[in-house]
Amino acid sequence: MKRMFKINPASLIAVIIITGITYSCKKDDNNNNNGKTDPGTIAAANLIAYFPFDNEPAGGAAVANSNNQIKFVRKVGTGSFVTGRRGQAYQGTNAQSYLEYDVVSGSAFSTLDEFSIACWIKTPATTSDAAKIFGLNGGDPFMGNLDLIQESQPTGDSVDMKLYLYDSASPEWKGQDIRKNSKEFVNDKWFHLVALYRKSSSTMEFYANGKKVFSQIRYAGPVPVSGTQPLLEGIKLGSDMSKIYFGAWVQQIAGTPDTWMTYYKGLVDEFRIYNKALSDDELMSLYEAEVSQISQ
């Protein structure tokens, strides 16, 4: 005769709950997003500007980490603050739209000899025209001092990115840039982008989601065919760096754009500027910290 056991419903529920908690913890332990790390703690001493884009700041509000050297001026046009990668993000539009900031004389930009720009990007593909995502004016009257640009490219599912810097100390080529179309820069999907200049190797570099996707040596003059050419090494941006714009070319704001210039139509979020080239470990730590905070 089999002995029948009477199961206490309360005990059964407790077992199920404990089992569920155990499984949940194991699942979380294998989740790369487990835990929260503040990205602002990565290379914190070198962070000179942080634009979270969580809302439209009040006029005159200082940008975080800028030591009151960068202040919000205005939002122009139909751009808006929408759900972003973390909190809100800035969304540009086809129509005239941009964010404007004042940069004080003698800001941290004036002493940069290398730098890193980091942000989340979600942008549509474009087969014509070029959109300036970020621009620090001054230096070259046409291009400015420091730019992050979405260039035009053939049809496809990748985005064509360009980084430009103006080095006032170069004896010959003052304007330096790299351009890369990468499968890691996927249109209409969020990706974490870092664009930097590293003086120790005289290289301009792109990183996507913590990994290097492009690096190119830069020289103080034309790329050498034979013989030697001095490396770019430490840079010095030009003067007149009084404005930062997100979403527009200076020529569009002044009313004299070239036909290929367009407003940035994508999203940008968690925009950070550092006064050094981040190391590989710092770049991966920054990406992992950003991922731990994402909301979509």
Side-chain angles (χ1 to χ4, degrees), residues 39-40 47-105 107-109 115-124 126 129-139 143-151 159 161-165 190 192-195 237 240-257 261-274 290:
L47 183 61
I48 61 172
Y50 168 47
F51 303 82
F53 300 125
D54 280 337
N55 48 51
E56 181 177 345
V63 170
N65 297 89
S66 73
N67 196 26
N68 290 318
Q69 295 179 335
I70 307 172
K71 297 183 178 181
F72 182 72
V73 176
R74 58 178 178 161
K75 180 179 78 72
V76 174
T78 56
S80 58
F81 295 87
V82 300
T83 301
R85 194 60 164 155
R86 176 186 179 189
Q88 300 286 93
Y90 176 67
Q91 168 79 71
T93 65
N94 282 315
Q96 181 184 32
S97 59
Y98 58 89
L99 303 178
E100 178 181 346
Y101 296 80
D102 279 337
V103 180
V104 305
S105 176
S107 73
F109 292 112
F115 63 86
S116 300
I117 293 173
C119 59
W120 287 103
I121 294 288
K122 185 179 181 182
T123 183
T126 178
D129 303 329
K132 188 175 286 193
I133 301 170
F134 162 87
L136 170 67
N137 77 336
M143 289 292 293
N145 261 310
L146 187 57
D147 299 320
L148 184 62
I149 300 167
Q150 180 190 356
E151 282 279 7
V159 175
M161 300 301 302
K162 183 175 183 177
L163 172 67
Y164 172 89
L165 69 86
W190 285 109
H192 190 254
L193 173 72
V194 176
L237 299 180
D240 271 346
M241 50 186 85
S242 58
K243 292 286 186 181
I244 284 175
Y245 298 106
F246 284 94
W249 294 81
V250 172
Q251 291 85 346
Q252 290 175 304
I253 297 165
T256 56
M261 294 176 175
T262 189
Y263 294 97
Y264 179 58
K265 296 179 281 293
L267 293 95
V268 57
D269 200 6
E270 296 296 299
F271 197 98
R272 303 173 192 271
I273 306 173
Y274 300 84
E290 289 283 1

Separation between [atom1] of [X] and [atom2] of [Y], rounded to the nearest 0.5 Å:
X: Ser107; Y: Asn68; atom1: OG; atom2: CG; result: 12.5 Å
X: Asp269; Y: Gln91; atom1: CG; atom2: CD; result: 11.5 Å
X: Glu290; Y: Arg86; atom1: CD; atom2: CZ; result: 6.5 Å
X: Trp249; Y: Met261; atom1: CH2; atom2: CE; result: 5.0 Å
X: Arg272; Y: Tyr50; atom1: CZ; atom2: OH; result: 4.5 Å
X: Gln88; Y: Asn55; atom1: CD; atom2: CG; result: 7.5 Å

Using side-chain contact (heavy atoms from CB on, under 4.5 Å), reason through Thr93 and Lys265 one step at a time and then give a plain yes or no.
CA-CA 4 Å; Thr93 65; Lys265 296 179 281 293; 6.0 Å; no
The test is side-chain contact (heavy atoms from CB on, under 4.5 Å); show your working for Phe53 and Leu99 and say whether it passes.
CA-CA 10 Å; Phe53 300 125; Leu99 303 178; 3.7 Å; yes
Identify the residue among Phe246, Tyr101, Tyr245 that makes a ring pair (Phe, Tyr, Trp, His ring centres under 6.0 Å) with Phe72.
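Single ring pair (Phe, Tyr, Trp, His ring centres under 6.0 Å) partner of Phe72 among Phe246, Tyr101, Tyr245: Tyr101.
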Chi angles and distances behind the side-chain contact (heavy atoms from CB on, under 4.5 Å) call for Ile253, Val76
CA-CA 10 Å; Ile253 297 165; Val76 174; over 6 Å; no
Minimum heavy-atom distance [X]-[Y], with the two atoms named:
X: Gly79; Y: Ser97; answer: N-CB, 3.5 Å
X: Gly255; Y: Pro257; answer: C-CD, 3.3 Å
X: Ala89; Y: Trp190; answer: CB-CH2, 4.1 Å
X: Gln69; Y: Ala108; answer: OE1-N, 2.9 Å

If the plane angle is over 60° it's perpendicular, under 30° parallel, otherwise tilted; pick one for Phe51 and Phe271.
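It falls in the perpendicular class, over 60°.
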Stepwise, does the side-chain contact (heavy atoms from CB on, under 4.5 Å) test hold for Leu136 with Leu237?
CA-CA 10 Å; Leu136 170 67; Leu237 299 180; 4.1 Å; yes
Could you check whether any side-chain heavy atom of [X] comes within less than 4.5 Å of a side-chain heavy atom of [Y], counting everything from C-beta outward?
X: Ile121; Y: Ile133; answer: yes
X: Glu56; Y: Tyr90; answer: no
X: Ile273; Y: Phe109; answer: yes
X: Asp102; Y: Lys243; answer: yes
X: Lys75; Y: Phe81; answer: yes
X: Tyr263; Y: Thr78; answer: no
X: His192; Y: Val194; answer: yes
X: Pro52; Y: Glu270; answer: yes

Looking at [X] and [Y], would you say the former's side chain and the latter's main chain have a donor-acceptor pair under 3.5 Å?
X: Ser80; Y: Val82; result: no
X: Asn145; Y: Asn137; result: yes
X: Gln150; Y: Pro124; result: yes
X: Thr256; Y: Ala254; result: no
X: Lys71; Y: Val73; result: no

